[in-house]
Amino acid sequence: MEEKLKRIKHPNLKNRVVTPEEAATWINDGMTLGLSGFTRAGDAKAVPFALIKRAETETFKVNIYTGASLGSDIDKAFAEAGIVGKRLPFQADPTMRGKINDGEMLFVDQHLSHTAEFIRAGVIGPIDFAILEAVSISEDGLIIPTTSVGNSSIFAEHAKHIIVEINMAQPEMLEGLHDIYDTGQQGERKPIPLMNPDDRIGTSGIKIDPAKIKGIVFTNQMDSPSTIVSPDAETKQMADHLLEFLRSEIRVGRLTDKLAPLQSGIGSVANAVLHGMVDSEFTDLDVYSEVLQDSVFDLIDAGKVKSASCCSITLSEDKMNKVFGNFEKYRDKLIMRPQEISNHPEIIRRLGLISINTALEFDIYGNVNSTHVSGTKMMNGIGGSGDFARNARLAIFVTKSTAKGGNISSIVPFVSHVDHTEHDVDIVVTEQGYADLRGLAPRERVLVIIENCAHPTYRAQLLEYYAEALTRGGQTPHVLEKAFSWHTNLKQNGTMLHEVGQLVY
Ligand code: COA
């Protein structure tokens with residue numbers, strides 16, 4: 001215990017230590033909890049599990065707000081226990097996804113920079129308990145987060161009570177990485193003074209009123225590793241196409257070999273595409289992203305990165321061991337911010353980010369669906385992709401041209417759900433090639449998208465749809481009654497593929 005108490009440096013807080021089980025008894029039916037955690041990193045672990053245990057003998061529901069997805073199978077356990085009324089702003093767990101799609105729990109799929117504004121303005125909440133993982137509590141009462149900041153600072157500011165989980169498995173050398181800045185109320189705020197991706201503008205921990213800390217528990221558990229899969233031949237091709245595009249921007253003088261600050265979204269595809277830069281000529285790169293995945297550390301190892309700003313670090317097991325086993329090598333390059341700041345429109349536009357996110361599908365005019373399988377079933381959520389795409393210098397979306405063994409074309413006549421409108425999408429990339437949509441009218445985009453990005457198996461079908469759409473006319477020609485026929489064909493026949501001229505409508 002002596003060793004543990006050293007992590008509570010504030011003199012008046014050492015007597016607040018309780019067990020996770022005791023802390024969990026403070027939580028009542030109908031309460032709203034703000035949990036630390038962003039894409040499996042820095043999540044509160046012990047109190048959520050103690051609460052889930054309570055559900056074995058009690059019936060209750062709570063609303064769960066987080067930064068993004070939780071690790072340690074907490075979202076899975078929450079979903080199985082059936083104790084979540086409403087969940088926001090992001091999740092990525094198959095069991096929880098199933099419960100959401102079955103209508104057994106509610107999910108608000110929110111731009112990740114918006115949650116803090118909603119809490120600050122009292123649109124959502126109030127938050128009864130903020131439950132935050134920390135490395136330590138400083139002498140002056142700052143909560144020092146672990147591997148993510150996410151929404152922790154806004155939760156702490158607005159929660160009625162705070163429970164801190166000090167995780168002894170997280171090294172104290174994480175202290176100094178964080179940069180916590182509060183924008184203040186809308187209408188009264190000043191410009192955010194962040195001019196360069198590696199500027200520090202805030203404090204090294206989360207300022208709180210120590211009186212709000214109702215309890216402190218100790219844990220000793222590393223984050224769950226990420227579930228991304230390694231780059232494959234197709235993602236390598238996508239990376240090559242993206243590099244080719246970036247080189248063409250350099251040739252015409254819009255970029256230099258330092259590019260512009262890079263943002264790369266979650267998932268295997270975005271990770272693999274960024275990984276493709278390891279062997280490129282690009283140098284001195286700044287990363288201004290939401291999550292840092294393995295590829296950013298590969299780029300640091302390759303000597304390509306000047307700075308890397310994020311709101312969470314989410315790594316595969318192997319990479320986690322390498323990075324945290326050799327942290328001094330990376331430390332000076334890393335800055336971790338609240339997600340409101342990592343994803344802030346003002347900063348994204350000011351820095352002129354190159355933003356790379358993943359689509360499930362996009363259509364012949366450039367609308368992108370990143371969230372809803374066949375228009376209705378939630379996958380993960382929009383995450384930060386909308387924050388970045390709307391405001392970036394270059395909004396790039398990547399996806400393989402087909403899914404599920406070729407039965408699904410990722411390029412469809414009309415996306416079955418729109419997350420990113422044609423107005424927000426600059427470049428689309430598949431393993432087939434890339435389409436630069438900037439400055440193109442809808443009728444110009446169609447052919448570039450089909451020729452450069454669609455899988456050859458589906459090109460004739462897409463052209464046939466467009467030919468019929470043209471007979472109807474319009475700025476954005478469509479055959480509305482057939483616009484989702486590919487999705488209905490998939491549902492009925494297990495494939496989007498049909499013989500040209502014999503479309504199954
Ligand atoms: N229809 C149905 N399923 C599709 C599909 C489509 N058009 N395209 C892909 N899929 C399936 C894949 O087959 C795969 O299924 P599996 O898990 O059963 O193997 C799954 O979707 C994931 O696709 P994958 O190609 O492996 O990509 P990924 O791991 O990179 O994830 C997203 C892609 C879109 C799900 C993910 O990037 C995401 O949730 N994005 C939205 C949030 C976001 O962009 N956040 C970043 C902001 S910083």
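In this text, all values refer to a predicted model and were calculated from it rather than measured experimentally. Ligands are counted one by one from 1 in listed order, and the atoms in each one are counted from 1 as well. Side chains are part of it too, since the values below use all heavy atoms of this structure and drop only hydrogens, waters and symmetry mates.
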Query raised in the report: Do Thr457 and Leu497 come close enough that some side-chain heavy atom pair is under 4.5 Å?
Result: yes

Query raised in the report: Does any N or O in the side chain of Thr495 come within less than 3.5 Å of the main-chain N or O of Asn489, such that one atom is a donor and the other an acceptor?
Result: no

**Report entry** Option among Gln293, Lys319, Lys304 that satisfies the side-chain hydrogen bond (donor to acceptor under 3.5 Å, both in side chains) test with Asp298
**Finding:** Lys319

Query - Selection residues 346-364 - residue pairs positive for salt bridge (charged side-chain N to carboxylate O under 4.0 Å, His left out), sequence neighbours left out - result: Glu346-Arg350

Query raised in the report: Would you say the side chain of Glu290 lies within less than 4.5 Å of the side chain of Phe388, judging by non-hydrogen atoms?
Result: yes

Query raised in the report: Sub-3.5 Å donor-acceptor pair from the side chain of Thr66 to the main-chain atoms of Gly37, do we have one?
Result: no

Every pair of nitrogen or oxygen atoms between ligand 1 and the protein that is under 3.5 angstrom apart - can you list them with their distances to 0.1 Å?
{"unit_1": "ligand 1", "atom_1": "7 (N)", "unit_2": "Leu360", "atom_2": "O", "d": "2.9"}
{"unit_1": "ligand 1", "atom_1": "8 (N)", "unit_2": "Leu360", "atom_2": "O", "d": "3.4"}
{"unit_1": "ligand 1", "atom_1": "13 (O)", "unit_2": "Lys404", "atom_2": "NZ", "d": "3.2"}
{"unit_1": "ligand 1", "atom_1": "15 (O)", "unit_2": "Lys404", "atom_2": "NZ", "d": "3.0"}
{"unit_1": "ligand 1", "atom_1": "18 (O)", "unit_2": "Lys404", "atom_2": "NZ", "d": "2.7"}
{"unit_1": "ligand 1", "atom_1": "29 (O)", "unit_2": "Ser268", "atom_2": "N", "d": "3.3"}
{"unit_1": "ligand 1", "atom_1": "30 (O)", "unit_2": "Ser268", "atom_2": "N", "d": "3.2"}
{"unit_1": "ligand 1", "atom_1": "30 (O)", "unit_2": "Val269", "atom_2": "N", "d": "3.1"}
{"unit_1": "ligand 1", "atom_1": "37 (O)", "unit_2": "Ile266", "atom_2": "O", "d": "3.3"}
{"unit_1": "ligand 1", "atom_1": "39 (O)", "unit_2": "Asn380", "atom_2": "ND2", "d": "2.7"}

